[in-house]
Amino acid sequence: MLRRDFLRSVAAIGLWPLAKDIQSPPPEPIRWPAPTDPNFWRWVRGQLDIPKGETYFNTATLGAVPRPVMDAVAAHMRDIEKTIAHFDYRPEHPEYIAGYRKQEELRAKVAPLFNAAPEEIALVQNATMGTNFIANGIDLQPGDEVLMTDQEHVGNRGPWELREKRQGIVLKKLPIGTPPADPDAIVRVFADAITPRTRAIDVPHITSKLGIVMPVVRIAELARAKNIFFLVDGAQAIGHIPIDVKAIGCDAYTTSPHKWLLAPPGNGLLYVRADRQKDVWATLASASWNDYDSKDGAYRLMQFGTANSSLLVGLDAAIDFCQHVGHDRIQQRVMELSNRLRSGLQKIDRARIYSPTHPALACGIVTWGMDGVKGPQLMDELWSRRKIRVRSVDENMVRQSTHFYNSPEEIDTTLEIAKALL
Ligand SMILES: Cc1ncc(COP(=O)(O)O)c(C=O)c1O
C-alpha cells in the first residue's frame, strides 16, 4: 500500500486525526519493488533502521520495527500534540487516546490474521496481558487442575502460578522433552495427564527457548472432548507461522505482535471464541467491563484506561508492511533461512542444536551451542567478531531467530564464526 494510501486508510479507520487537523506533511509513499526483483530482500532489509554491518537475529525477543512503521507512529504522535486542542471527545471525531473506544475497524483488520471474527478480538498490550485475562478470568475452584508444559515463558506461567498460590488451583508442568522426538510424544504426555479435575490447558504455539512448534490442533481435540478450556500462547507465532484459531479449535489465543509481526511494543492481541466469552470475567475493569452485548464481544477485555493510540497506528502499519511482503513469502523465507542454519550447524563438529529438527516441530527459532563454549561467550563472540546479535538463553545455548529481513549470507557468516571457534 502506498504511504499516502496508508495515511488515508488510518484516517478512514479513525486512528488518525481528521484530515483537516493534520498539520504535518504526509510521509513519503513507500515505493515497493516487485517481489520478483532480485534486490527485493535487500530492499526489505534497507527498510530497517539497524545500521548496515549489524545483523539482527533476536526477533523472538523483539522484532525490528521497519522505518515506515516507526515513521507512522512518530508522525501520529506529533500530530496528536499539534492538534490536541481539537480533541472534543465526540464519537464521530477521532479519538486521541486508546483504551476507551471499541476500535472496531482495527479489530476487523486484525481478525483475518487469526481467521476470527472482529468481535472475538481484544486489543491488549502483549501476550502476558492476554494470558492474565484468561488465567484470572475463568472460574476455577481449589483443586482444579491446569496443564501446561515444563517450558513456558514466565509471561505464560506466572498468571497461573499466582492463582495457584492465591486460590489453590493445581498447576501441572508436563515434561515434553528438550526437544521432543515428534508431535506424538507431546500429545501422549497431555493425554495421560488429563484427569476429571482438569479444567484448563494452556500451551505455547511455539515455545520460547527452543522454538518447539506444539501440536495444538491435537491438544485442542483432547481438551474439547472433556470441555476443558484451551488457551494457546501465540506470542512467538503471529507473523511467523500461520494462525487459524478455527482450525486449531482453541477457546482463546494470545499474541505479541511486537515480535514477528514487527509492530511497535505495546500492542497485544487476544482472541476469545464467541461462545466462550461468557466464561471469561473481565479482570481489568473500566466503564464497559460488564458489557456482554454480543456485538461488542471481547471489548469487555480491553478496558485498561488511557493508552497510546499511536501504537495502534503502528500495529496497523506493521500489518500492511508484512502483508505487502506477503505472509506465504515470509514463512517460506523464514524456513529457508532456519533450514540453512540447522543444516550448516549439523556439519560442524561440536556444534549442537537444541531446537527440534523434526519438520513438524521446527520453525524460525534455532537454539544451538558449541561444546566447550558457554552461551554468553558465544553470544559475545558473534557480536565482537561480526556484529551478529543472537541471544544467549542459558549457559550453553544461544537462540537465533531467522526472520525475513535476514539473509543467507548472514547465516553463512554465523556458521563461519562457529567453525572458527573450534
Ligand atoms: C512463548 C512466549 N510466551 C509469552 C511471552 C511473553 O511475551 P510478552 O512479554 O510480549 O507478553 C514470550 C516472550 O518472549 C514468549 O516467548
Side-chain angles (χ1 to χ4, degrees), residues 56-65 110 122-136 146-162 171 173-174 176 178-180 186 200-216 219 230-241 243 248 250 252-271 283-284 301-302 304 307-308 311 314-315 318 334 338 354-356 361-367 389-394 397-403:
Y56 189 64
F57 278 124
N58 193 20
T59 303
T61 299
L62 203 52
V65 178
V110 161
L123 304 177
V124 294
Q125 295 182 342
N126 50 41
T128 303
M129 198 176 201
T131 302
N132 271 275
F133 280 148
I134 301 301
N136 292 304
V146 176
L147 308 182
M148 58 172 49
T149 74
D150 61 347
Q151 297 176 40
E152 301 299 328
H153 186 276
V154 287
N156 197 47
R157 177 159 47 83
W160 298 104
E161 286 175 345
L162 185 153
L171 195 52
K173 298 167 184 167
L174 309 178
I176 56 165
T178 50
I186 303 175
I201 301 178
D202 174 12
V203 299
H205 201 165
I206 298 177
T207 65
S208 189
K209 185 171 165 184
L210 301 186
I212 303 164
V213 180
M214 295 283 289
V216 285
I219 297 174
F230 184 41
L231 166 66
V232 179
D233 163 15
Q236 295 291 352
I238 195 163
H240 181 178
I241 59 172
I243 299 172
I248 294 172
C250 55
Y253 192 107
T254 181
T255 63
S256 286
H258 60 78
K259 298 179 188 290
W260 300 80
L261 196 68
L262 313 184
N267 284 295
L269 304 170
L270 172 64
Y271 157 85
T283 46
L284 224 176
L301 305 177
M302 36 192 282
F304 42 78
N308 187 337
L311 296 178
L315 171 62
V334 166
S338 66
Y354 296 95
S355 290
L361 303 177
C363 65
I365 295 176
V366 184
T367 301
R389 172 55 58 207
V390 297
R391 175 168 167 192
S392 159
V393 285
D394 80 11
M397 309 173 195
V398 294
R399 184 181 66 183
Q400 187 159 355
S401 315
T402 61
H403 208 6

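For ligands, and for the atoms within them, numbers begin at 1 and follow the listed sequence.
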Please identify each residue that fulfils side chain to side chain donor-acceptor pair (under 3.5 Å) with Asp150, with sequence neighbours left out.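 Scan of Asp150 (side chain to side chain donor-acceptor pair (under 3.5 Å), adjacent residues dropped) gives none.
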Checking side-chain polar atoms at under 3.5 Å, does Thr254 have a donor or acceptor matched by the opposite partner on Asp233? no
For the ring pair His403 and Tyr56, is the centre-to-centre distance below 6.0 Å? no
Check each N or O atom of ligand 1 against all protein N or O atoms and list the pairs under 3.5 Å, with atom names and distances to 0.1 Å, one per line.
| residue | atom | partner | partner atom | Å |
| --- | --- | --- | --- | --- |
| ligand 1 | 3 (N) | Asp233 | OD1 | 3.2 |
| ligand 1 | 3 (N) | Asp233 | OD2 | 2.5 |
| ligand 1 | 10 (O) | Ser256 | OG | 2.6 |
| ligand 1 | 10 (O) | His258 | NE2 | 2.8 |
| ligand 1 | 11 (O) | Ala127 | N | 3.4 |
| ligand 1 | 11 (O) | Thr128 | N | 2.9 |
| ligand 1 | 11 (O) | Thr128 | OG1 | 2.5 |
| ligand 1 | 14 (O) | His153 | NE2 | 3.4 |
| ligand 1 | 14 (O) | Lys259 | NZ | 2.8 |
| ligand 1 | 16 (O) | Ser208 | OG | 2.8 |
| ligand 1 | 16 (O) | Gln236 | NE2 | 2.8 |

Apply side-chain contact (heavy atoms from CB on, under 4.5 Å) to Leu174 and list each qualifying residue two or more places apart in sequence or on a separate chain.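 So Leu174 forms a side-chain contact (heavy atoms from CB on, under 4.5 Å) with Leu147, Lys172, Val189, Phe190, Ala193.
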Using side-chain contact (heavy atoms from CB on, under 4.5 Å) as the criterion, list what pairs up with Asn267, not counting sequence neighbours.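 By the side-chain contact (heavy atoms from CB on, under 4.5 Å) rule, Asn267 matches Pro257, Ala263, Pro264, Leu311, Leu312, Leu315.
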Short N-O contact, Lys209 and Asp394, less than 4.0 angstrom: yes
